[in-house]
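First comes the structure, then the notes that go with it.
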Amino acid sequence: MITRKSQREIEKMQAAGDILVKCHKEIANIIKPGITTMEIDTFVENFLADHGATPEQKGFSGYPYATCASVNDEICHGFPRQEKLVDGDIVTIDMVVNMNGGLADSAWTYKVGALDEAGEKLLDVTKTSLYKGIEQAQSGNRIGDIGHAIQTYAEGEGFSVVRDFTGHGIGPTLHEEPHIPHFGLPNKGTRLKEGMVITIEPMINEGSWQSKMDSNNWTARTVDQGRSAQYEHTVVITKDGPLLTTDQDK
């Protein structure tokens, strides 16, 4: 069932988004060669606690960490670990913040030190594809409009779009209807309505879009060792256009 959120619910989700944005900005300041993703995970958990918030995905379906930390060819749901990040790595930190019952979900791909030209293009195209999808998150449009905009742009730039993982509705629980694919046909799928809150979170690969699962049954990675990037915002459908509760540019 798809729910439409009240103004009060959206305000609570915005409060969670404000904390999440602050946390991502702090991660940007500390991520560098030599840090571990486990250290980042510990930082996030402590940061959220200091701000009266909790990591919603910790314990979700048994997931054991406050963040997902996906490095290089890992598409999503990478486990934080003790190996040090090195110059040229890319790492996606994905987190869901619960602030007094309001949820916000956002992933960001960070470069570690200096990144090669191909990696820079991957990150730029992935971020741009997110915002092209957000442009279509208008009341009256359909879900297929979002995926079509993302797919058309990313594939036109020579990259592939992951099919196995999608965006989703959110609030008051982490994953709700509808699914938001990052590929598809325009004017197809569920119609977007004012008050819906969704995540748009394209995962874009250098090579094949296909994924394989690690033995931990959580971490997905590319089948051909190509790198993968992801950017995600929580988006409220309003009469005035999409509202980002996780906007880092405010």
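- The line from CG of L123 to OG1 of T109 is 5.5 Å long, rounded to the nearest 0.5 Å.
- The aromatic rings of W218 and H77 stand perpendicular to each other, their planes meeting at an angle above 60°, with 30° marking the opposite boundary.
- One finds a salt bridge joining R227 and E206 here, because a Lys/Arg side-chain nitrogen approaches an Asp/Glu carboxylate oxygen to under 4.0 Å.
- A centroid separation of 6.0 Å or more is found between the aromatic rings of H179 and H168.
- A donor-acceptor pair under 3.5 Å is absent between the side-chain atoms of T199 and the main chain of G167, judged by distance alone.
- Pairs engaging residues 231-250 under the ring-ring contact (aromatic ring centres under 6.0 Å, His included) rule: W108-Y231, W108-H233, Y131-H233 [sequence neighbours left out].
- Classification of the Y65-Y63 ring pair by plane angle, with boundaries at 30° and 60°, yields perpendicular.
- Using a 4.5 Å heavy-atom cutoff, the side chains of Q230 and S70 are not in contact.
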Can you give me every donor-acceptor pair (side chain of residues 54-62, partner residue at least two apart or in another chain, under 3.5 Å) with its distance?
unit_1: E56; atom_1: OE1; unit_2: N98; atom_2: ND2; d: 2.8
unit_1: Q57; atom_1: OE1; unit_2: V96; atom_2: N; d: 2.7
unit_1: Q57; atom_1: NE2; unit_2: A66; atom_2: O; d: 3.3
unit_1: Q57; atom_1: NE2; unit_2: D94; atom_2: O; d: 3.0
unit_1: K58; atom_1: NZ; unit_2: E45; atom_2: OE1; d: 3.1
unit_1: K58; atom_1: NZ; unit_2: E45; atom_2: OE2; d: 3.0

* Would you please test D164 and S211 for side chain to side chain donor-acceptor pair (under 3.5 Å) and show each step? => CA-CA 7 Å; D164 298 328; S211 66; 2.6 Å; yes
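- Counting non-hydrogen atoms of neighbouring residues, nucleotides and ligands closer than 6.0 angstrom, the NZ atom of K25 exceeds 12 such neighbours.
- A continuous path of Ile, Leu, Val, Met, Phe, Trp and Tyr side chains, each step under 4.5 Å between heavy atoms, connects I170 with L243, placing both in one hydrophobic cluster.
- For F183 and H148, the ring centers sit 6.0 Å or farther from each other.
- Residues R221 and D73 approach most closely at NH1-OD1, 2.9 Å, considering heavy atoms.
- With respect to the salt-bridge test (charged N to carboxylate O, under 4.0 angstrom), the residues K111 and D87 do not qualify.
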